[in-house]
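See below for the structure under consideration.
Counting convention: from 1, in listed order, for ligands and their atoms alike.
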Amino acid sequence: MHALAEVAYSKLHIPLAITGAQDFIKDKDHLFIISNGHPILTKVTGAGCLLSSVCAAFLAISDDVALALTDAISYYGVAAEVAASKQQHPGSFQMAFLDQLYAIDGSVVQAKQRIIRS
Ligand SMILES: Nc1ncnc2c1ncn2[C@@H]1O[C@H](COP(=O)(O)OP(=O)(O)OP(=O)(O)O)[C@@H](O)[C@H]1O
Ligand SMILES: Cc1ncsc1CCO
């Protein structure tokens with residue numbers, strides 16, 4: 001994935017995000033690697049589509065695409081972790097996740113986010 005991010009950026013020359021167990025955000029100056037989230041997200045249809053919408057919301061209020069994507073994806077992953085600590089089955093998790101996207105604030109995200117900058 002790290003190599004894919006580098007190759008994709010070298011061809012496209014636009015900021016990009018590749019999501020999965022780890023998330024890679026690449027632009028001209030930065031590579032951010034996020035290790036938040038939870039495997040149960042793969043059991044919920046639309047988790048990637050909803051993340052795209054969350055990214056759009058963060059991008060709408062930021063001048064820096066890579067930083068906005070990093071903030072959006074780490075927030076999303078932290079919300080999933082908190083929700084998964086409360087609900088372990090996909091249907092209940094989906095509701096708990098939506099609740100945590102509403103409930104968590106910046107201090108929770110800052111305390112739990114795992115981001116490597118390189
Ligand atoms: N194994 C995992 N562990 C932790 N987080 C994960 C895992 N897999 C996906 N995620 C998280 O789930 C979210 C959605 O990413 P994912 O790569 O699953 O999207 P997608 O494949 O495009 O989704 P969709 O199935 O909706 O098309 C991201 O925030 C990502 O970090
Ligand atoms: C293809 C598709 N249809 C509903 S959700 C989804 C995946 C995007 O998250």
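In this structure, the protein non-hydrogen atom closest to atom 3 (N) of ligand 2 is Thr45 CG2, 5.0 Å.
Of all the atoms in ligand 1, the ones that sit under 4.0 Å from a non-hydrogen atom of Ala47 are 26 (O). Within the listing of ligand 1, atoms 26 (O) sit less than 4.0 angstrom from a heavy atom of Cys49. Within ligand 1, counting atoms from 1 as listed, the ones closer than 4.0 Å to a heavy atom of Gly46 are 26 (O). The atoms of ligand 1 that sit less than 4.0 Å from any heavy atom of Leu41 are 11 (C), 12 (O), 13 (C).
Of the heavy atoms in Thr19, both backbone and side-chain atoms come closer than 4.0 Å to ligand 1.
Note: an N/O pair closer than 3.5 Å links His38 and ligand 1 by distance alone. Checked by distance only, ligand 1 and Thr45 stay at 3.5 Å or farther apart across all their nitrogen or oxygen atoms. Close N/O approach between Gly20 and ligand 1 is found [any backbone or side-chain N/O within under 3.5 Å]. Considering both main-chain and side-chain atoms, Ile73 never comes within under 3.5 Å of ligand 1 through any nitrogen or oxygen pair.
Asp105 places a side-chain N or O within 3.5 Å of a backbone atom of Val108 that can act as its donor or acceptor partner.
For atom 10 (N) of ligand 1, the nearest protein heavy atom lies closer than 4.0 Å.
Residue Cys49 holds the heavy atom nearest to atom 9 (O) of ligand 2 of all those in Cys49, Gly48, Ser52.
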